[in-house]
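Quick notes on the structure that follows.
Side chains included, hydrogens not; waters and symmetry mates left out as well; all remaining heavy atoms used. Below, chain A is the first sequence line, B the second, and so on; all start at residue 1.
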Amino acid sequence: MTFPFDLSASLGIVKPELVLAMGSMVLLVTGAFFGGARQSAISRGTVALMIVVAALVLTGSKEPAVAFGGSFVVNGFTVFAKVLILAASAVAILMSDRYMERTRAARFEFPVLVALATLGMMMMVSANDLIALYVGLELQSLSLYVLASFSRDSLRSTEAGLKYFVLGALASCLLLYGMSLVYGFSGTLSFDALKGVAATGASNIGFLVGLVFMLAGFAFKVSAVPFHMWTPDVYEGAPTPVTAFFAAAPKVAAIALLTRVLFDAFGAASDSWRQVITFISMASMLLGAFAAIGQTNIKRLMAYSSIANMGFALVGLAAGSEQGVEGLLIYLVIYLAMTAGIFACILAMRRREGHVEDIDDLAGLAKAQPVYAFALTALLFSYAGIPPLAGFFGKFYVFSAAVEQGMWVLAVVGVLASVVGAFYYVRIVMLMINGEPRQSFVRPMDVELRVIAFAATAFTLFFVLMPAPLLDAASAAAAALVN
Amino acid sequence: MLSAIVVLPLLGAIVAGLFGRMIGHRPAEIITTGLLVLSAVLSCAAFGKIALGGEPVTLTVFTWITSGTFDVTWSLRFDTLTAVMLVVVTGVSSLVHVYSIGYMHEDPHRARFFSYLSLFTFAMLMLVTADNFLQMFFGWEGVGLASYLLIGFWFKKPEANTAAMKAFIVNRVGDFGFALGIFAIFVVFGTLSFDEVFSATPAMVGTTIDLGGFKVDTLTAICLLLFMGAMGKSAQFLLHTWLPDAMEGPTPVSALIHAATMVTAGVFLVCRASPMFEHAPDALMVVTIIGGVTAFFAATIGMFQNDIKRVIAYSTCSQLGYMFFAAGLSAYQAAMFHLFTHAFFKALLFLGAGSVIHAMHHEQDMRKMGGLAKHIPVTWALMLVGTLALTGFGIPHVIGTAGFYSKDAIIETAYAAGPGLGWFAFIMAISAAFMTSFYSWRVMFMTFHGKHRMDEETLSHVHESPTVMMIPLYILGIGALVAGIAFYQYFIGEAEHAFWAGSIFVAEGHNALEARHHVPEWVIMAPLTVTVMGFLVAYYFYIRRPELPAQMAAREGMGYTFIYNKWYFDEIYDFLFVRPTQALGRFLWKRGDQGVIDRFGPDGIAARVMDVTRRAMRLQSGYIYHYAFVMLIGVAGLVTWLMFAGGAQ
């Protein structure tokens with residue numbers, strides 16, 4: 001059998017993905033073979049696997065390289081995104097073990113599914129033609145559907161999984177339909193070829209309609225308005241560690257994919273897609289901010305918060321410039337850190353009789369558990385974008401990129417939305433300080449949660465002192481993408 | 001050493017203000033008082049070195065603001081003018097501190113009181129040591145703030161609160177002018193430093209600036225604006241209404257604010273800016289007229305007031321008028337001299353009145369006093385000294401009290417300034433001198449002589465004040481007697497030029513001060529004559545025929561009512577400014593703020609946010625087909641947008 005490309009070179013380029021795929025299989029078989037194996041053993045194996053994969057990603061070539069005849073690409077941008085994804089996934093697995101055990105939902109499939117989803121995300125990020133993109137996206141999505149309904153005995157969890165699946169299928173339809181339109185009008189699937197077509201046919205109506213449909217499919221994954229509707233229900237229904245995972249890695253992957261598709265395949269049509277992105281960015285920021293105010297369940301609140309945060313991140317994309325991408329990447333890193341920290345805090349909301357999820361359960365926490373309350377306060381303030389916490393800088397970079405491009409309206413809407421957003425974040429802080437103390441949570445916090453919450457809090461507090469490493473990395477990644 | 005004079009009171013204010021509760025009242029009192037006494041001693045040394053020794057210094061502390069061409073340093077200027085003020089301010093302030101230990105000993109918030117006193121002193125020192133207009137403004141506003149805090153010290157008394165606000169607001173009117181003056185100086189001269197502005201002043205003579213379409217003389221405009229500030233702080237005619245009400249504060253505050261510090265700031269400003277005023281004859285004319293009118297009109301009101309402190313307050317107002325018209329006639333030295341001596345005897349009178357009030361258990365109405373001389377003879381003797389000094393009693397060519405030297409010099413200068421403005425001031429001053437004598441002796445007679453008019457209960461408790469309150473009175477009493485004769489030489493006598501050493505500028509030909517040596521003999525005798533006449537009239541009304549004043553008051557003659565009601569200034573201002581302002585304020589509050597801004601602003605926005613939130617939540621129905629519908633509508637909308645507006649063809 002002959003290949004139209006150099007197979008061994010290609011396999012070298014996809015080594016991290018290969019290792020992850022094989023590792024997942026090994027873990028799956030191991031789990032199945034030792035039937036009663038506890039989740040935690042497989043979890044640790046998965047985390048170790050992810051660390052190895054991340055090391056492979058980092059040590060691999062940073063020079064742009066193409067594999068499999070142009071359907072898979074590696075460059076500085078994909079490396080940056082993959083490391084983020086792997087880190088977020090690993091953190092999610094670490095946070096899940098004890099929760100799963102306590103809720104009697106521990107199964108070895110959980111870490112394996114996360115690993116497979118992560119594999120799909122890595123493929124998405126590196127995809128360089130529409131078929132590869134779709135395969136990666138579906139691998140990710142199928143794993144996520146299962147994860148959402150992972151607590152099989154819980155009505156809410158299964159409902160969440162079903163909803164996610166049906167709507168996800170609809171989104172996939174939109175995406176496929178868009179892809180077929182694009183293919184029909186351009187005659188190619190490859191990003192490189194599309195780039196040339198977009199340059200000449202940027203205003204071709206069929207081509208643009210295809211683009212919008214594809215964007216709708218991606219926006220669903222990003223949970224941007226108006227394709228966000230699944231988010232609150234799934235976040236609330238899914239087991240909390242799954243929610244923590246949903247809020248982190250898949251978001252990064254979807255945004256990275258979106259960025260790559262828009263810059264690499266449709267860069268020449270940026271005038272058109274920037275309008276669409278601007279709209280969904282504004283809509284996400286506003287709806288996320290407004291709807292979050294009315295929430296009483298903290299997971300639902302985080303759902304709207306992540307909708308708003310994706311809106312902020314998309315501001316950088318809407319700017320359509322290298323600076324915008326840089327701001328976007330910085331925003332994603334800070335968002336991931338804050339999200340990991342806050343979910344660690346949410347997972348620690350446990351009383352003797354079980355986990356609780358109501359915002360009111362946090363009342364009076366400042367008196368009962370001051371350190372915990374302090375960490376949560378720092379994280380919430382950071383979400384609200386109060387300087388000098390990290391969240392402020394995330395917003396600062398994306399807004400300044402937008403202003404640089406003359407997108408004043410977008411920046412102003414963003415600032416207004418973050419003012420509204422500050423309301424519900426600060427309300428929680430108020431509740432913790434002024435509220436009537438309830439029965440306190442079980443102490444001590446699990447060690448994993450403590451470490452993650454501590455690290456995330458430290459990051460948000462001290463980012464201002466040492467921002468250079470992140471800024472440099474983000475700017476290199478952005479440069480790799482745009483050039 | 002020199003910076004210590006300014007910094008020590010601030011240190012005291014901080015310690016007493018921030019740590020007063022921690023360290024207790026007594027340590028707070030001792031620390032603030034001790035620091036101020038130290039500051040006063042240093043001031044005296046500085047006075048010796050700078051004024052008498054002739055060594056002016058300017059200390060640059062640090063650069064304050066640098067922005068474009070705007071460059072202001074934070075520096076302390078010590079010349080003779082400053083040195084005189086240093087002695088007056090720290091001297092009176094330290095005595096007031098000592099006195100307050102006794103006077104306020106029952107007050108539960110003494111630490112706060114002493115902190116305010118020291119803060120006030122610091123602000124005043126900042127004002128007098130300023131090297132540029134901005135720093136002076138800083139001190140100026142600091143004084144305004146501290147006076148607000150002090151007058152309203154008994155904040156549970158509604159009158160005290162109202163008086164504090166009144167003082168603050170009326171001063172604000174003046175400060176507004178002062179601020180405009182400073183802006184104008186910066187626009188015209190491009191700098192705010194005294195030296196640079198004053199050396200550039202002669203070049204500005206005759207130039208005009210555009211003010212709302214009118215061409216006005218630059219220097220006249222600036223000087224009048226500065227004078228507006230001076231009028232506010234020094235309670236001159238039209239802006240005087242705050243001063244009598246400020247008597248609501250504790251008596252030591254009255255002594256500090258109205259004898260030595262705040263009210264003299266205006267006189268100091270005019271003297272400091274003498275190089276500018278000298279080149280603005282029209283402004284000088286205004287200063288003279290306002291000063292003369294104030295001297296006269298405040299004295300008229302003083303004649304019929306019944307509150308012992310208010311009489312002294314109007315007397316202050318009147319004496320400040322003297323200082324201003326002296327300055328207006330280019331006799332700045334005489335103005336400063338009167339300021340200097342006035343500080344002694346006015347502080348003495350206030351603190352003496354405080355001693356009386358203390359003896360009478362906080363009764364201030366003179367109609368309920370009388371015959372106290374027998375019970376508190378030392379206070380009586382000291383008040384007598386103060387009265388003699390205030391009325392300027394002395395035998396011409398021989399000897400006299402402090403007031404005699406300074407006041408008579410001013411009156412003679414006014415005559416010597418010649419027909420017109422000078423004689424106008426002279427007439428005002430002589431009439432005021434008569435009235436001053438009358439009301440001063442009226443106070444003495446009503447308080448210390450005649451029949452007892454208080455109840456037995458109060459009378460039985462009348463007692464001399466404690467030593468800690470009397471010592472300041474003795475010191476001030478000595479000052480009121482000898483300050484005139486001791487310093488006449490330096491301020492306005494032969495040693496004058498060496499003493500002032502150029503810190504006051506007098507233009508060529510403005511020699512009224514010098515010409516006073518050549519006035520006719522009757523002018524020299526006139527003040528003494530009217531003073532004696534005033535004494536006799538007061539004696540007749542309040543000792544010989546004590547029933548007469550009450551009958552006159554009962555008849556309610558037009559003149560009497562007019563003056564008794566203080567020329568109806570409060571009523572007129574109330575009608576012209578206060579009520580319209582209140583009405584406007586109420587309108588803006590009820591209609592503007594609550595009706596418009598709150599309704600559509602904070603409350604409105606919050607309510608709309610909640611509306612939006614509710615709608616956004618209703619969208620989240622939980623039904624998959626709703627969600628799918630929203631997604632499809634979204635796609636359709638976006639495609640439509642790109643087709644029609646987004647540039648697709």
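When all heavy atoms of A:L167 and B:A628 are compared, the pair lying nearest together is CD2-N, 3.8 Å. Residues B:T613 and A:G294 approach most closely at CG2-N, 3.3 Å, considering heavy atoms. Of all heavy-atom pairs between A:V212 and B:V635, the closest is CG1-O, 4.2 Å.
At a threshold of 4.5 Å between non-hydrogen side-chain atoms, the residues A:D233 and B:Q620 count as touching.
Taking a 6.0 Å sphere around CZ of B:F186, one finds it holds more than 12 heavy atoms contributed by other residues, nucleotides or ligands. The number of heavy atoms from other shown groups lying within 6.0 Å of OH (A:Y145) is above 12. Remark: B:R172 CZ is packed, more than 12 non-hydrogen atoms of other residues, nucleotides or ligands lying under 6.0 Å away. Residue A:Y177 qualifies as open at atom OH: its count of foreign heavy atoms under 6.0 Å is 12 or below.
At a heavy-atom cut-off of under 4.5 Å, chain B is reached by A:F220, A:P226, A:F227, A:H228, A:M229, A:W230, A:P232 from residues 219-232 of chain A, listed in order of number.
Only the side chain of B:L632 comes within less than 4.5 Å of a heavy atom in chain A; its backbone stays farther off. Both the backbone and the side chain of A:A171 come within less than 4.5 Å of a heavy atom in chain B. Contacts between A:R300 and chain B at a heavy-atom distance below 4.5 Å involve the side chain alone, from C-beta outward. A:L286 does not touch chain B: none of its heavy atoms, backbone or side chain, sits under 4.5 Å away.
Taking CD1 of B:I624 as the reference point, atom CG of A:L162 lies at 5.0 Å (rounded to 0.5 Å). Between the CG atom in A:D271 and the CG atom in B:L642 there is a gap of 11.0 Å [rounded to 0.5 Å]. Expressed to the nearest 0.5 Å, how far CD1 of A:I293 lies from CE of B:M610 amounts to 6.5 Å. Atom-to-atom distance recorded for B:Y627:OH and A:L170:CG is 14.0 Å, nearest 0.5 angstrom. The line from CZ of A:F290 to CG of B:D611 is 10.0 Å long, rounded to the nearest 0.5 Å.
Across B:M631, B:R614, B:H626, the residue that shares the most heavy-atom pairs under 4.5 angstrom with chain A is B:M631.
In this structure A:L176 satisfies the side chain to side chain contact (heavy atoms under 4.5 Å, CB included) test together with A:Y134, A:M179, sequence neighbours excluded.
Between the side chain of A:K163 and the main chain of B:Y623, no donor-acceptor pair closer than 3.5 Å is present.
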